[in-house]
Protein chains: 2
Amino acid sequence: MGTGKQQRRGDTRQRIQDVALELFAEQGYEKTSLREISEKLDVTKAALYYHFKTKEDILTSIFDDLTGPIDELIAWGHAQPQPVSLETKKDVLTRYSAILINAAPLFRFMQENQAAMRDLKSGASFKDRMLGLHEILKDPDAPMADQVRCFSALFTMHAGMFVLKDAEGDPKEKREAILEVAIDLVTRAHTGG
Amino acid sequence: MGTGKQQRRGDTRQRIQDVALELFAEQGYEKTSLREISEKLDVTKAALYYHFKTKEDILTSIFDDLTGPIDELIAWGHAQPQPVSLETKKDVLTRYSAILINAAPLFRFMQENQAAMRDLKSGASFKDRMLGLHEILKDPDAPMADQVRCFSALFTMHAGMFVLKDAEGDPKEKREAILEVAIDLVTRAHTGG
DNA sequence: GTCTATAATTTGATAGAC
DNA sequence: GTCTATCAAATTATAGAC
């Protein structure tokens, strides 16, 4: 100890995940090489292979550690009394917003690397999660426009978190505005426009 | 002539663009190799280099051929009397919808390969176009939530075109529903919520 | 747990014949 | 305009020493 760069022996696996996600989100999955990750960690490529079997395994492990909260949210939503009340829908959106903020780099990565993720095992499961959330929000018999509103609410939250990072203004205020718009969309879809 | 696979000499450049965009959109830019493109065209990699200087040039050329209509739309919007009327905004969205449908594979590619495009020259220029459209739609003094609505309207159109391709229902009806939601968002932002 | 060394493959790109 | 042949570089991944 005392050196600027602590080795923190024992949490190497975690450090690999952190650096990998940072680079994946920044430059894309394909463009990021294991050499780059290992250099940033000051270890060799071979050391990576002690902790993970393949490059894809690194990404998969990151997913597994962070998608739990979404699954819990979906399970909670589906356990609510049917038909789902507007208050429950607002709850889902609010909780989802918190999850998004908490795992922002991962969601940024997912949003910007859909093509790379398509055949990545984790890809399909994320699509399933989106559909799971949509099922809670939408009214099965509602007109098409209202189903679009529910999709739009989810997508607005995904996109807004990162599109608005360039815009001026307080981050907290921006997040609240995004959530407000999402809730408004679902509310209009709930009452039937 | 008469062979199953027409050689169509003279339009090879166009065929390269078509196949490349198809593969780029399907698997991502990085994942698609020049070998793959040339094999699908039944020519050699070297032949590709006669028509395009680099891999990136293939992509850039596709953009140049298709982004013209967006630039015209932005120019038209900015040439309208200020402040921009709601009718003009609806016009912009309707025209943008038509452009999106017309160049669907390109926009699908752009949406799903943002990370790969980030340092691709064409990337920045697309972001500028998004901001250009947003500037026409948004009211500078409107509250944050209304600015989000305008972003959401654009993003809903981008995302909806492809997210809803899995959903049941008539394609035309879906497109109209998406446009309806986008117009509704901008309308609410226009009047001030 | 991390290293050195290297295998095996693929990639983008070029030179030069036809 | 398309080909053969080839290049240099990078990539994922493994074997085996320490």
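Source: prediction; values computed, not measured. Chain A is the first sequence line, chain B the second, and so forth, proteins listed ahead of strands; every chain is numbered from 1.
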Under 3.5 Å, which N/O atoms of the protein pair with N/O atoms of nucleotides 15-18 of chain D?
none

Pairs where residues 56-70 of chain A contributes a residue and the test salt bridge (charged side-chain N to carboxylate O under 4.0 Å, His left out) is met, not counting sequence neighbours: A:Glu56-A:Lys121
Between B:Leu41 (CG) and D:dG1 (P), how many Å, whole number? 15 Å
For residues 18-33 of chain B, which residue pairs qualify under salt bridge (charged side-chain N to carboxylate O under 4.0 Å, His left out), counting only residues two or more places apart or in two chains? A:Glu30-B:Lys31, A:Lys31-B:Glu30, A:Asp119-B:Lys31, B:Glu22-B:Lys40
Would you call A:Asp71-A:Arg129 a salt bridge at under 4.0 Å N-O? yes
Partners passing side chain to side chain contact (heavy atoms under 4.5 Å, CB included) against B:Ile37 (at least two apart in sequence or in another chain): B:Val19, B:Ala20, B:Leu23, B:Phe24, B:Thr32, B:Leu34, B:Leu41, B:Leu48
Taking only residues at least two apart or on different chains, which pairs with a member in residues 91-106 of chain B satisfy side-chain hydrogen bond (donor to acceptor under 3.5 Å, both in side chains)? B:Tyr96-B:His158
Heavy-atom contacts under 4.0 Å between residues 24-32 of chain A and DNA chain C, which residues? none
Side chain to side chain donor-acceptor pair (under 3.5 Å) against A:Glu72, all qualifying residues, sequence neighbours excluded: none
If the condition is side chain to side chain contact (heavy atoms under 4.5 Å, CB included), which residues does A:His78 pass it with, not counting sequence neighbours? A:Ile74, A:Glu135, A:Ile136
Closest to the side chain of A:Ala47, out of C:dC3, D:dT11, C:dT11, is C:dC3
If the cut-off is 4.0 Å, is A:Ser33 near the phosphate of D:dT11, judged by side-chain N/O to OP1 or OP2? yes
Under 4.0 Å: is that the gap between some side-chain N or O of B:Arg35 and OP1 or OP2 of C:dT10? no
B:Leu34 side chain, from C-beta outward: closest of D:dT2, D:dA13, C:dG12: C:dG12
Of residues 49-64 of chain B, the positions that come close to DNA chain C - non-hydrogen atoms, cut-off under 4.0 Å: B:Tyr49, B:Thr54, B:Lys55
Distance check needed: C:dT2 P versus A:Glu39 CD, whole Å only. 17 Å
Salt bridge (charged side-chain N to carboxylate O under 4.0 Å, His left out) contacts in which one or both residues fall within residues 78-87 of chain A, not counting sequence neighbours: A:Glu87-A:Lys90
Does the B:His134 side chain pair with the main chain of B:Gln147, one donor and one acceptor, at a distance under 3.5 Å? yes
Checking A:Tyr49 now: which residues fulfil ring-ring contact (aromatic ring centres under 6.0 Å, His included) with it, not counting sequence neighbours? none
Residue pairs passing the salt bridge (charged side-chain N to carboxylate O under 4.0 Å, His left out) test where at least one lies in residues 44-54 of chain A, sequence neighbours excluded: none
Think B:Thr44 has a side-chain N or O under 4.0 angstrom from the OP1 or OP2 of D:dT4? no
